[in-house]
Amino acid sequence: QVRLVESGGELVQAGGSLRLSCAASGRTFSTNAMGWFRQAPGQERELVAAINWIGLITDYAASVKGRFTISRDNAKNTLYLQMNSLKSEDTAVYYCAASDGINVARNPNQYAYWGQGTQVTVSS
């Protein structure tokens, strides 16, 4: 069974940092692009950051560029999102996803596998 399991979400004060992890099991995703998405109440799911299969190409939402960093460890089958200088508007459920392709993907429809999400709450 293929699973993506996120961890690391919690309540944090504005200006603080969090590191999210996404552990994959059931198959290797070392040849798949991956991404982090988020969804706030009443909002559509949006791309936060994406990374290509080998980790050399990344893409970020304009709202997080310079504050968040996506990375991956293919040997551990794990995806990460380092979030710094957190703002209240970063509050959302964060989802890890794996694409069927190798290139960076921005559209949620390009992702075939999804985790259950982890809650990030930033208090101001």
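Note that these values count all heavy atoms, side chains included, but never hydrogens, waters or copies made by symmetry.
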*Whether Arg67 side chain and Ser85 backbone form a donor-acceptor pair below 3.5 Å*: yes
*asked:* As an exercise, state the distance from CG of Asn77 to OG1 of Thr28, rounded to the nearest 0.5 Å.
replied: 4.5 Å
*Mind jotting down which residue pairs meet the disulfide bond (SG atoms under 2.5 Å apart) criterion with at least one end in residues 77-124? Sequence neighbours excluded, please.*
Cys22-Cys96
*Check whether more than 12 heavy atoms from other residues, nucleotides or ligands sit under 6.0 Å from atom CZ of Arg3, and answer yes or no.*
no
*CD of Gln119: more than 12 outside heavy atoms within 6.0 angstrom?*
yes
*For residues Met34 and Leu4, determine if any side-chain heavy atom of one lies less than 4.5 Å from a side-chain heavy atom of the other.*
yes
*With a 3.5 Å cut-off and no angle check, do the side chains of Asn32 and Ser99 form a donor-acceptor pair?*
no
*side chain to side chain donor-acceptor pair (under 3.5 Å) partners of Glu46, counting only residues at least two apart*: Arg38
*Considering all heavy atoms of both residues, which atom of Leu81 and which atom of Ala49 are nearest to each other, and what is their separation?*
CD1-CB, 4.2 Å
*Atom pair OG/CG of Ser124 and Leu86 - distance to nearest 0.5 Å*: 12.5 Å
*Write down the atom of Val104, the atom of Ala33, and the distance for their closest heavy-atom approach.*
N-CB, 4.3 Å
*Contact summary for Leu18 and Glu10, nearest pair of heavy atoms*: CD2-CG, 3.4 Å
*Is a side-chain N or O of Asn74 found less than 3.5 angstrom from the main chain of Ile54, in a donor-acceptor match?*
no
*Not counting sequence neighbours, which residues clear side chain to side chain donor-acceptor pair (under 3.5 Å) with Asn52? List them please.*
none
*asked:* Quick one: does any side-chain atom of Thr78 pair with a main-chain N or O of Lys76 as donor and acceptor, under 3.5 Å?
replied: yes
*Calculate, to the nearest 0.5 Å, the distance between atoms CG and OG1 belonging to Asp100 and Thr31 respectively.*
10.0 Å
_Reported CZ-to-OG distance for the pair Phe68 and Ser17, which is rounded to 0.5 angstrom_ = 9.5 Å
*Results of side chain to side chain donor-acceptor pair (under 3.5 Å) for Thr69 - residues two or more places apart only*: none
*With sequence neighbours excluded, tell me which residues meet side chain to side chain donor-acceptor pair (under 3.5 Å) with Glu89.*
none
*Examine distances only and state if a side-chain atom of Thr91 and a backbone atom of Val122 form a donor-acceptor pair shorter than 3.5 Å.*
yes
*For the residue pair Arg106 and Asp59, establish whether any side-chain heavy-atom pair is separated by less than 4.5 Å.*
yes
*Rounded to the nearest 0.5 Å, how far does OG of Ser30 lie from CD1 of Ile102?*
11.5 Å
*Donor-acceptor under 3.5 Å (Glu6 side chain, Gly117 main chain)*: yes
*Val5 side chain near Ser25 side chain, heavy-atom distance below 4.5 Å*: no
*Keeping to residues at least two apart or across chains, list the ring-ring contact (aromatic ring centres under 6.0 Å, His included) pairs with something in residues 26-58.*
Phe29-Tyr113, Phe37-Tyr111, Phe37-Trp114
*Mind checking whether Val48 and Tyr60 sit in one hydrophobic cluster, side chains of I, L, V, M, F, W, Y counted as touching below 4.5 Å?*
yes
*asked:* Could you measure the distance from the OH atom of Tyr95 to the CG atom of Leu47? Nearest 0.5 Å is fine.
replied: 15.0 Å
